[in-house]
**Student:** 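Structure in structure tokens, see below.
This is a predicted model, so every value here is computed, not measured.
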Amino acid sequence: MEQLKLLGVALGLASLAGINLYLTVFVTGLSIHYHWITLGPAYQSLEVLGHPAVIIIAGIFYLLEFFADKIPWIDSAWDAVHTVIRPIGGALLAIQVLGHPSPAFTIIVGLLAGGTSLITHTAKSTTRLASNASPEPFSNIALSLGEDAAVVGGLALIHYNPLLALSIFAAAIAAFIYFAAKILRAMKAKVWLALRKLNSPADKIAGVQLPTTLPPRLAPIYDRENVLAETIAWAVPCISGRGRRIPANLFGTLVATREQPRNVSFVARKNGRPFVQAIELEGSTIAHEPKFLSENLAIFPAAGKGSKYLFVFPRPDGALVEQIVEDLRVRVSAPIWPVEKSHIEEPAAEVVR
């Protein structure tokens with residue numbers, strides 16, 4: 001039981017280090033230095049954290065993180081720098097808790113603690129990337145203060161009940177691993193959208209041409225599904241948002257054909273496997289929704305309940321999205337497809353006569 005408590009303290013500190021390494025060391029060091037807590041015989045190796053030099057350095061870095069953590073995108077840059085620092089710090093804290101056990105046990109706990117810190121760090125980084133999609137800073141401030149409170153509360157729980165702390169941290173990590181694929185897809189999508197916004201000028205050219213070919217990695221998938229050999233009208237790369245039977249944050253291509261005006265298809269790969277989903281446009285409203293990081297295409301029922309879909313495009317592709325919206329609106333409303341020019345020009349000719 002004592003060894004299990006020791007493991008709970010070690011992995012608990014490693015988990016909190018993945019969220020905020022400097023606050024974990026700073027608060028623990030202060031508590032030891034001012035005797036707010038009394039270290040048991042098994043935890044005397046943590047006495048070094050109460051050294052004034054350790055407290056001062058941890059306090060300075062925590063002060064820097066306190067401000068950096070509340071500024072959109074600065075917090076993500078800070079997290080990127082600490083992708084290596086936090087897992088190493090968490091592993092060192094866990095090893096310090098153990099004192100001087102056998103080398104094999106030290107290595108095992110170090111690996112477990114480093115992995116635990118990396119998991120909590122990834123969860124924090126992904127949450128911050130998601131919040132940075134909103135231009136207002138208040139969500140970042142609230143998240144930062146909540147994380148600091150969670151670290152302090154976690155340290156108190158570790159002190160009073162290491163086994164309960166171990167159980168809670170284990171449950172949280174298990175939940176993260178279960179949702180890891182979705183979380184990592186969301187992180188990849190946010191990073192890609194941010195880089196596209198920073199590195200590409202906005203496309204303001206009117207009448208921009210929609211691409212008509214799929215990326216090489218997706219073309220074979222669509223060809224297998226296109227059993228009627230329909231002609232592609234346009235095929236535009238995008239990221240899936242919310243939608244019925246379509247997982248979010250899949251990198252794929254939205255495809256429209258000339259033969260099926262009231263249908264589009266989303267083609268992608270999900271966990272390495274081909275994924276194709278047809279979307280019925282009949283009775284739908286098509287909308288363009290500009291966002292801070294992206295230009296979104298929304299498809300939702302014109303009246304009543306029904307399936308809703310969202311597709312996310314890079315911010316510089318606003319003109320492309322406008323073209324898609326115009327094309328889909330014509331497809332949904334036109335009684336005849338393709339729309340003949342004579343149907344549009346004939347009334348104008350009569351007016352001239």
**Student:** Going through the checks in order, is the side chain to side chain contact (heavy atoms under 4.5 Å, CB included) test met by V48 and I32?
**Tutor:** CA-CA 9 Å; V48 67; I32 294 171; over 6 Å; no
**Student:** Nearest 0.5 angstrom please: I37 CD1 to Y160 OH, how far?
**Tutor:**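 If we round to the nearest 0.5 Å, I37:CD1 and Y160:OH are 9.0 Å apart.
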**Student:** Looking at T120, D79, T122, which one forms a side-chain hydrogen bond (donor to acceptor under 3.5 Å, both in side chains) with R86?
**Tutor:**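 Testing R86 for a side-chain hydrogen bond (donor to acceptor under 3.5 Å, both in side chains) against T120, D79, T122 leaves exactly one candidate, D79.
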**Student:** Between R244 and Y309, is there a side-chain heavy-atom distance shorter than 4.5 Å?
**Tutor:**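 Yes; the side chains approach each other to less than 4.5 Å.
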**Student:** Using a 3.5 Å distance criterion without hydrogens, assess whether the side chain of S265 forms a donor-acceptor pair with backbone atoms of V255.
**Tutor:**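 No; zero donor-acceptor contacts below 3.5 Å.
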**Student:** Under a 4.5 Å cut-off applied to non-hydrogen side-chain atoms, are W36 and L30 in contact?
**Tutor:**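 Yes, their side chains come closer than 4.5 Å.
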**Student:** Is there a chain of hydrophobic side chains (I, L, V, M, F, W, Y, each step under 4.5 Å between heavy atoms) that links I279 to F300?
**Tutor:**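 I279 and F300: separate clusters.
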**Student:** Under a 3.5 Å distance rule, please check whether S76 uses its side chain to pair with a backbone N or O of W73 as donor and acceptor.
**Tutor:**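 Judged by distance alone, no pair lies under 3.5 Å.
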**Student:** F275 versus F266: any side-chain heavy-atom pair under 4.5 Å?
**Tutor:**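 The answer is yes; the side chains approach within 4.5 Å.
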**Student:** Same hydrophobic cluster for L49 and V9, using side-chain heavy-atom links shorter than 4.5 Å among ILVMFWY?
**Tutor:**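 Yes, one cluster joins them.
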**Student:** Taking side chain as C-beta onward, heavy atoms only, is R315 less than 4.5 Å from L293?
**Tutor:**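 R315 does not reach L293 side chain to side chain.
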**Student:** Could you go through F313 and H288, starting from their C-alpha distance and side-chain angles, then the distance that decides it, and tell me whether this counts as ring pair (Phe, Tyr, Trp, His ring centres under 6.0 Å)?
**Tutor:** CA-CA 11 Å; F313 298 80; H288 177 196; 8.8 Å; no
**Student:** Let's go through E282 and R331 carefully: what are the C-alpha distance in whole Å and the side-chain angles of both, what is the deciding distance for salt bridge (Lys or Arg N to Asp or Glu O under 4.0 Å) to 0.1 Å, and is it a yes or a no?
**Tutor:** CA-CA 9 Å; E282 190 72 41; R331 287 167 173 266; over 6 Å; no
**Student:** Among the clusters formed by ILVMFWY side chains lying less than 4.5 Å apart, do F169 and V25 turn up in the same one?
**Tutor:**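 Looking at the clustering, V25 is in the same group as F169.
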**Student:** So does I286 get a backbone contact from the side chain of R329, meaning a donor-acceptor N/O pair under 3.5 Å?
**Tutor:**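 The answer is yes, because a donor-acceptor pair under 3.5 Å joins these two groups.
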**Student:** Judged by atom type as modelled, is there a donor-acceptor pair below 3.5 Å linking the side chain of S45 to the main-chain atoms of V97?
**Tutor:**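 Indeed, once roles are kept as given, a pair shorter than 3.5 Å links the two residues.
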**Student:** Just wondering, do P247 and K182 contact through their side chains at under 4.5 Å, heavy atoms?
**Tutor:**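 With C-beta onward as the side chain, the pair stays apart.
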**Student:** Using a 4.5 Å cut-off on heavy atoms from C-beta on, say whether the side chain of L310 contacts that of L297.
**Tutor:**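 They are not in side-chain contact.
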**Student:** Can you tell me how far the OH atom of Y222 sits from the OG1 atom of T253, to the nearest 0.5 Å?
**Tutor:**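 Between Y222 OH and T253 OG1, I get 11.0 Å after rounding to 0.5 Å.
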**Student:** Given side chains that start at C-beta, do those of S15 and I173 come closer than 4.5 Å, heavy atoms only?
**Tutor:**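 In short, these two side chains touch, coming nearer than 4.5 Å.
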**Student:** Under a 4.5 Å cut-off applied to non-hydrogen side-chain atoms, are V332 and T285 in contact?
**Tutor:**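 SC-SC contact between V332 and T285 ruled out.
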**Student:** Testing N296, I299, I239, V264 for side chain to side chain contact (heavy atoms under 4.5 Å, CB included) with F311, which one passes?
**Tutor:**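 Running side chain to side chain contact (heavy atoms under 4.5 Å, CB included) over N296, I299, I239, V264 with F311 returns exactly one hit, I299.
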**Student:** Please check if I108 and L166 belong to a single hydrophobic cluster, counting links between Ile, Leu, Val, Met, Phe, Trp and Tyr side chain heavy atoms closer than 4.5 Å.
**Tutor:**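 Yes, same cluster.
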**Student:** Parallel, tilted or perpendicular: which fits the ring planes of Y22 and H82, with parallel below 30° and perpendicular above 60°?
**Tutor:**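 Ring orientation, 0 to 90° scale: perpendicular.
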**Student:** Flag yes if V54 and L63 sit in one hydrophobic cluster, no otherwise; membership is Ile, Leu, Val, Met, Phe, Trp, Tyr, and two members link when side-chain heavy atoms are under 4.5 Å apart.
**Tutor:**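 The answer is yes; both residues are in one hydrophobic cluster.
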**Student:** Under the criterion side chain to side chain contact (heavy atoms under 4.5 Å, CB included), I'd like the reasoning laid out for L93 against L16: C-alpha separation, chi angles, the key distance, then a yes or no.
**Tutor:** CA-CA 10 Å; L93 277 176; L16 298 177; over 6 Å; no
**Student:** Go through the steps for K70 and L145 under the test side chain to side chain contact (heavy atoms under 4.5 Å, CB included), then give the verdict.
**Tutor:** CA-CA 9 Å; K70 294 170 177 60; L145 293 175; 3.8 Å; yes
**Student:** Walk me through whether E259 and T231 qualify under side-chain hydrogen bond (donor to acceptor under 3.5 Å, both in side chains).
**Tutor:** CA-CA 7 Å; E259 291 80 6; T231 307; 3.2 Å; yes
**Student:** Are side-chain N/O atoms of W78 and D69 paired as donor and acceptor at under 3.5 Å?
**Tutor:**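 Not at all, the side chains of W78 and D69 share no donor-acceptor pair under 3.5 Å.
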**Student:** If only side-chain N and O atoms count, and only distance matters, is there a donor-acceptor pair under 3.5 Å linking Y62 with D148?
**Tutor:**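 There is such a pair (donor and acceptor under 3.5 Å, judged by atom type) between the side chains of D148 and Y62.
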**Student:** Can you tell me if CZ on F251 sees more than 12 non-hydrogen neighbours from other groups inside 6.0 Å?
**Tutor:**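 Result for CZ/F251: enclosed.
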**Student:** Before giving the answer on side chain to side chain contact (heavy atoms under 4.5 Å, CB included), spell out for D317 and E295 the whole-Å C-alpha distance, their side-chain angles and the decisive distance to 0.1 Å.
**Tutor:** CA-CA 7 Å; D317 290 353; E295 301 283 343; 5.6 Å; no
**Student:** Can K124 and E147 be said to form a salt bridge (Lys or Arg N to Asp or Glu O under 4.0 Å), step by step?
**Tutor:** CA-CA 9 Å; K124 171 183 176 174; E147 290 161 1; 3.6 Å; yes
